[in-house]
Amino acid sequence: MPVSISPHYEAEKLEAPDIDDIIDVYEDRIQHWVIEPAKLLANTEHGGPAAFCILLTYFEGAWSYLMRKSSSGRSKEYFKYGFADAFKLSGNPEQLLLRVGQLLYEDARCGFFHDGLFRGKVFFADMNKDMVITLPMRDGNLDIEGEIQSMLIDVKRCISAVEKHFSATISSLRDTSRTEKRAEFFRFFKSQYDWEQPGPIVGIREPGK
């Protein structure tokens, strides 16, 4: 029976893979297990928050693959840096994006998966930008270092930003002049998903025995 390892590839794809086989599988998994499902949900009634939940799975892994290091024990750190990298073209300062990433980790990612709901500072709206961050005023000026009051999120635009970020990542990996970076990616992927190691064998007791 064929064993699928991603939406469009079976296990034989990794029997003796080269770097481009690895990139194919990575791209197929993120594009069709994360980005495309998020798009579908975002276009259904009341589907925006669920779509955003799917999108929240992207940032930690994206930074992990960029750093070529496991996020084990550093989940929050990798999430916020991955978020800041994905939205670095938003025009917001990096330090603010890192703080927003931490807020999303705590109030959106952990809030939803631990409490079953987004916590009090996360809201959704259709806007002309991917997100709006509200900050306090000090002496009549915006306090860029002040505590974040709330976040308004346009889910569809955020999905678009993530898709552009991922597309740029894949384009960089497919650049054959980046020999060492491609080799590093190959080694890290193998450390996370070693196709040469046999999978677990599960024994099932026969009925009545």
Is the closest side-chain heavy-atom distance between [X] and [Y] below 4.5 Å?
| X | Y | answer |
| --- | --- | --- |
| Y58 | F79 | no |
| I22 | L14 | yes |
| L97 | F83 | yes |
| P7 | W33 | yes |
| S167 | I170 | no |
| K13 | I5 | yes |
| S172 | K181 | no |
| S64 | F188 | yes |

### Partner residues of K76 under the side-chain hydrogen bond (donor to acceptor under 3.5 Å, both in side chains) criterion, sequence neighbours left out
E106
First locate atom [atom1] of [X], then atom [atom2] of [Y], and finally report the distance between them rounded to the nearest 0.5 Å.
| X | Y | atom1 | atom2 | result |
| --- | --- | --- | --- | --- |
| C158 | E163 | SG | CD | 13.0 Å |
| E184 | I19 | CD | CD1 | 10.5 Å |
| Q31 | F166 | CD | CZ | 6.5 Å |
| L96 | F87 | CG | CZ | 13.0 Å |

### Query
Using the ring of each side chain (for Trp, its six-membered ring), is H8 parallel, tilted or perpendicular to H32, with breaks at 30° and 60°?
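The rings of H8 and H32 stand perpendicular, inter-plane angle above 60°.
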### Message
Is the ring pair Y65/F185 parallel, tilted or perpendicular, if the boundaries are 30 and 60 degrees?
### Response
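Answer is tilted, since the angle falls between 30° and 60°.
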### Task
Find out whether the Lys NZ or Arg CZ of R29 is both under 6.0 angstrom from the six-membered ring centre of Y193 and within 45° of the ring's axis.
yes
Short question: side chain of [X], backbone of [Y] - any donor-acceptor pair under 3.5 Å?
| X | Y | value |
| --- | --- | --- |
| R182 | L173 | yes |
| T169 | H165 | yes |
| N43 | L40 | no |

### Query
Who pairs with S70 by side-chain contact (heavy atoms from CB on, under 4.5 Å), at least two apart in sequence or on another chain?
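For S70 the side-chain contact (heavy atoms from CB on, under 4.5 Å) partners, ignoring immediate neighbours, are S72, Q192.
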For residues 120-133, dump all side-chain donor-acceptor pairs below 3.5 Å to protein atoms at least two apart in sequence or in another chain.
unit_1, atom_1, unit_2, atom_2, d
K121, NZ, E147, OE2, 2.8
K121, NZ, I148, O, 2.9

### Query
Do E27 and R174 meet the salt-bridge criterion of a basic N to acidic O distance under 4.0 Å?
yes
### Message
Assess whether a salt bridge exists between R187 and E180, defined as any Lys/Arg side-chain N lying under 4.0 Å from an Asp/Glu carboxylate O.
### Response
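Counted as a salt bridge, because a side-chain N and a carboxylate O are separated by less than 4.0 Å.
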### Task
Could you give me the CA-CA distance, side-chain angles and deciding distance for F52 and D154, then say whether side-chain contact (heavy atoms from CB on, under 4.5 Å) is met?
CA-CA 9 Å; F52 195 64; D154 186 311; over 6 Å; no
### Message
Just to verify, what does E36 make a salt bridge (charged side-chain N to carboxylate O under 4.0 Å, His left out) with, not counting sequence neighbours?
### Response
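E36 satisfies salt bridge (charged side-chain N to carboxylate O under 4.0 Å, His left out) with K39 once adjacent residues are dropped.
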### Query
Transitive ILVMFWY cluster of Y81 at side-chain heavy atoms under 4.5 Å: who else is in it?
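Y81 shares its hydrophobic cluster with W63, L66, M67, Y78, L98.
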Which pair of non-hydrogen atoms, one from [X] and one from [Y], has the smallest distance, and what is that distance?
| X | Y | answer |
| --- | --- | --- |
| F59 | V162 | CE2-CG2, 3.8 Å |
| D28 | Y9 | OD2-CD1, 3.6 Å |
| Y105 | S75 | OH-OG, 3.1 Å |
| A38 | A51 | O-CB, 3.2 Å |

### Query
Quick one: do the S6 and Y26 side chains pair a donor with an acceptor below 3.5 Å?
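Distance-only check fails for S6 and Y26.
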### Message
If you apply the rule side-chain contact (heavy atoms from CB on, under 4.5 Å), what do you find for M151 with L103, and how did you get there?
### Response
CA-CA 9 Å; M151 279 195 63; L103 172 66; 3.8 Å; yes
### Residues S71, E60; criterion side chain to side chain donor-acceptor pair (under 3.5 Å); working and verdict
CA-CA 7 Å; S71 65; E60 181 180 337; 2.6 Å; yes
### Query
Yes or no on side-chain contact (heavy atoms from CB on, under 4.5 Å) for F186 and D18, after CA distance, side-chain angles and deciding distance?
CA-CA 8 Å; F186 185 98; D18 60 22; 5.7 Å; no
Exercise answer: donor-acceptor pairs, residues 135-145 side-chain atoms, under 3.5 Å, sequence neighbours excluded:
unit_1, atom_1, unit_2, atom_2, d
R138, NH2, D143, OD2, 3.3
D143, OD1, E145, N, 3.2
D143, OD1, G146, N, 3.3

### Candidate list I159, L55, I54, test side chain to side chain contact (heavy atoms under 4.5 Å, CB included), partner L41, passing option
I54
